[in-house]
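Beneath this line is the structure, given in structure tokens, with notes to follow.
Chain letters run A, B, ... following the sequence lines, proteins first, then strands; residues in each count from 1. Model, not experiment: these values are computed from the prediction.
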There are 2 protein chains.
Amino acid sequence: MSDRVTSKDVARYAGVSQATVSRVFSGNSASVTPETQSAVLHSARALGYRPNVIGRMMRTRQTHIVGIVMANITNPFYPYVLEKFLQRLQQMERQVLLFTAAPEQSVDDLLPLALQHQVQALIITSATLSSAMIAECARAETPVILFNRTVTGESISAVCADNLAGGRMVAELLWETGHRHFAYITGEPDTSTQVDRYRGYRDALAERGITQIALEHGVYTYESGYRAAQTLLRQASRPDALFCANDITAIGAMDGARDLGLSVPHDISIVGYDDIPMAAWGAYQLTTVSQEVDVMIETTLEMLIRRVADPHALPELRLIAGRLKLRSSIQPRSKG
Amino acid sequence: MSDRVTSKDVARYAGVSQATVSRVFSGNSASVTPETQSAVLHSARALGYRPNVIGRMMRTRQTHIVGIVMANITNPFYPYVLEKFLQRLQQMERQVLLFTAAPEQSVDDLLPLALQHQVQALIITSATLSSAMIAECARAETPVILFNRTVTGESISAVCADNLAGGRMVAELLWETGHRHFAYITGEPDTSTQVDRYRGYRDALAERGITQIALEHGVYTYESGYRAAQTLLRQASRPDALFCANDITAIGAMDGARDLGLSVPHDISIVGYDDIPMAAWGAYQLTTVSQEVDVMIETTLEMLIRRVADPHALPELRLIAGRLKLRSSIQPRSKG
DNA sequence: TTGAAAGCGCTACCAA
DNA sequence: TTGGTAGCGCTTTCAA
């Protein structure tokens with residue numbers, strides 16, 4: 001199977017040494033006369049030769065492969081992230097080995113495989129790592145960068161939205177527009193993103209004297225948002241403001257509210273987080289916190305390049321501020 | 001950089017030969033006494049050894065890597081497809097090298113890279129290949145399977161929805177429910193999927209004496225559907241039935257119609273294709289043709305396994321029938 | 001069962 | 001500028 005034609009074959013055909021063929025194809029053609037070079041290229045074309053990258057990796061001990069672990073591709077926030085990472089890494093002449101964590105599968109089980117493939121670096125989105133695994137990557141000198149998650153108390157690089165500030169912004173917006181009865185739909189409980197979003201929200205409200213927040217559990221999906229909203233809104237004391245851990249949850253919540261005969265924003269204001277494409281759709285017009293995805297991606301790539309160049313660079317956490325995106329899923333309440 | 005610890009180090013540490021270490025880690029541990037084996041494993045753990053897969057690839061000339069080329073990840077139909085392919089391939093102990101075609105970039109430019117990485121097989125979604133590239137893959141004996149596209153007159157394997165039949169089903173449904181003024185919003189013009197969907201639609205209507213179909217151009221996106229629908233619906237002779245090349249276009253079209261003050265389905269019935277998650281959302285309830293994605297994926301994987309096992313297997317085209325998914329974006333018209 | 005040794009396809013060193 | 005050669009880390013004969 002695979003490329004049967006090797007540099008040896010090309011060399012024989014062109015009447016040069018195998019080393020010369022290698023020079024032509026490895027960019028060292030500076031030290032090859034134009035004539036030999038074209039002879040080699042001609043032979044290569046005739047035989048249909050393409051250098052076997054595995055051989056090159058073996059010799060140079062450089063794979064130029066970046067591993068990406070993505071736990072949650074079907075959350076509409078991630079396809080864009082993935083596409084952008086791919087495009088940029090391809091531009092940088094890096095290949096991407098993609099891994100996904102199956103339901104109930106820990107990222108920890110995926111990483112050994114990635115490490116064995118000698119990836120140059122690892123980007124892990126929407127998931128975290130055990131300390132043991134962090135240590136193992138460190139020992140292998142493989143830089144790891146968390147995207148959209150943080151781990152506290154660990155020595156690991158991460159690029160993340162400033163979720164604490166984002167949660168505060170939402171609380172302040174809702175407060176200023178006269179809301180007084182607050183609710184929150186969570187994401188998966190131990191994800192740093194939603195924990196921080198909630199803490200920011202809760203703290204800002206507490207500073208304004210609000211200590212009661214109706215909580216309902218969600219798992220970052222449309223369906224969970226739908227159900228959670230219906231549970232919340234069927235209760236006697238209905239909130240007038242609902243913040244959701246992310247947009248897809250919020251969109252589910254909007255539909256859940258409407259199917260109870262409630263109007264958004266007339267009966268309840270709803271706010272999400274992420275600014276996914278659907279948030280701007282006519283039927284939703286969801287007010288949300290826009291993550292600066294492009295900035296987050298570029299920051300991640302910069303860190304990646306830096307850490308590949310210098311494996312001993314200290315890990316750093318970069319928080320990227322978000323922006324409120326006002327749309328019509330909220331409306332002011334008469335105060336009092 | 002990367003794993004500094006090799007089988008040689010483990011061998012020295014354990015006081016055995018390097019070959020023995022290899023036997024332990026390559027599944028040939030049948031021919032190793034339990035004592036040696038545990039000595040080796042113990043040393044490996046002590047040193048933090050993990051086999052270098054690149055070395056193995058080099059020696060066995062088997063990468064166990066499957067290449068996936070995906071042109072259009074942000075179309076909500078694909079994240080699920082990608083996630084499922086990843087999960088299944090991971091189960092099959094295959095790694096995935098993922099490529100995306102940047103805007104205006106041909107898949108042809110990506111394939112040489114994949115081939116050089118000695119992928120075992122290639123899955124290409126939502127894109128086609130030139131004859132030259134098909135020939136090149138054949139010469140390299142790398143099986144290629146098109147997912148959700150076909151190429152006519154070429155010797156290449158493909159798994160695709162039966163779009164011709166799907167288009168017919170939509171036409172028949174709309175005709176039976178009393179619609180008489182038909183429109184269609186295209187996808188990118190030379191993609192086999194939308195060409196077939198349109199042909200099925202047009203032919204079935206022609207058989208019923210309808211020869212006029214209002215056409216508008218789209219590119220498989222929400223925005224293009226929105227715009228195209230507005231153009232169509234501003235015209236004096238408004239259609240009462242609109243079929244869109246895919247769901248995301250149809251959803252854009254629904255919002256476009258509503259923003260003109262029209263009601264779906266009261267003023268116009270709209271039908272999509274794919275059955276993406278958003279089609280079921282409360283705000284849309286889009287009638288559509290459901291692709292049997294899981295069946296398509298399993299079929300693709302079966303073909304892939306078969307062709308990897310037997311590189312000379314003949315290419316085949318498998319069409320997977322879809323099913324109408326009736327929702328409330330259409331309503332019957334009083335005939336005549 | 002174990003070890004020695006060859007070699008996968010390539011790059012990079014050293015001599016010529 | 002070119003060729004010969006060593007060797008990346010591994011698997012897999014072949015002998016012992």
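- Residues B:Glu141 and A:Arg4 are not paired through a salt bridge, judged by the lack of any N-O separation under 4.0 Å between the basic side chain and the carboxylate.
- Note on A:Arg56: a side-chain N or O is less than 4.0 Å away from OP1 or OP2 of C:dT11.
- Take the nearest nucleotide of DNA chain C for B:Gly55 and for B:Ala19: the residue whose nucleotide is more 5' is B:Ala19.
- As rounded to whole Å, 17 Å separates atom C1' of D:dC8 from atom NE2 of A:His117.
- Rounding to whole angstrom units, CD of residue A:Gln62 and P of C:dC10 are separated by 18 Å.
- Side chain of B:Ser192 to backbone of B:Thr150: a donor-acceptor contact under 3.5 angstrom is found.
- Atom NZ of B:Lys8 is separated from atom C1' of D:dT11 by 15 Å (rounded to the nearest Å).
- A close approach under 4.0 Å does occur between a side-chain nitrogen or oxygen of B:Thr33 and OP1 or OP2 of C:dT2.
- Residue-to-nucleotide contacts include no donor-acceptor pair under 3.5 Å from the side chain of A:Arg59 to the base of D:dG9.
- You'll find that the side chain of A:Asn52 is closest to C:dC10, out of C:dG3, C:dC10, D:dG9.
- Here C:dG7 presents its P atom at 15 Å from CD of A:Gln18, a figure rounded to the nearest Å.
- Nearer the 5' end of DNA chain D, as judged by each residue's closest nucleotide, is the contact made by B:Ile54, out of B:Arg23 and B:Ile54.
- The phosphate of C:dG3 has OP1 or OP2 within less than 4.0 Å of a side-chain N or O from B:Thr20.
- The phosphate of C:dT11 (OP1 or OP2) has a side-chain N or O of A:Ser22 nearer than 4.0 angstrom.
- For A:Arg307 (side chain) and A:Leu314 (main-chain N/O), a donor-acceptor pair under 3.5 Å exists by modelled atom type.
- Across all strands, A:Ser31 comes closer than 4.0 Å to base atoms (heavy-atom distances).
- Distance alone, capped at 3.5 Å, is enough to place a donor-acceptor pair between the B:Glu83 side chain and the A:Ile73 backbone.
- Between A:Thr6 and the phosphate of C:dG9, there is no side-chain N or O to OP1/OP2 separation shorter than 4.0 Å.
- Closest to the B:Pro51 side chain, of the nucleotides C:dA12, D:dT1, D:dC10, is D:dC10.
- Note on B:Arg61: a side-chain N or O is less than 4.0 Å away from OP1 or OP2 of C:dG9.
- With ring centers used as reference points, B:Phe147 lies under 6.0 Å from B:Phe85.
- When distances are taken from the side chain of A:Ser7 to each of C:dC14, D:dC8, C:dC10, the shortest belongs to C:dC10.
- One finds no side-chain N or O of A:Ser17 lying less than 4.0 angstrom from the OP1 or OP2 phosphate oxygen of D:dG4.
- For B:Met58, the listed nucleotide lying nearest its side chain is C:dG9; candidates were D:dT13, C:dT11, C:dG9.
- Looking at heavy-atom distances under 4.0 Å, A:Val16 makes contact with sugar-phosphate atoms alone, never a base.
- An OP1 or OP2 oxygen of D:dG9 is reached within less than 4.0 angstrom by a side-chain nitrogen or oxygen of B:Arg4.
- The ring of B:Phe25 has its center closer than 6.0 angstrom to the ring center of B:Tyr49.
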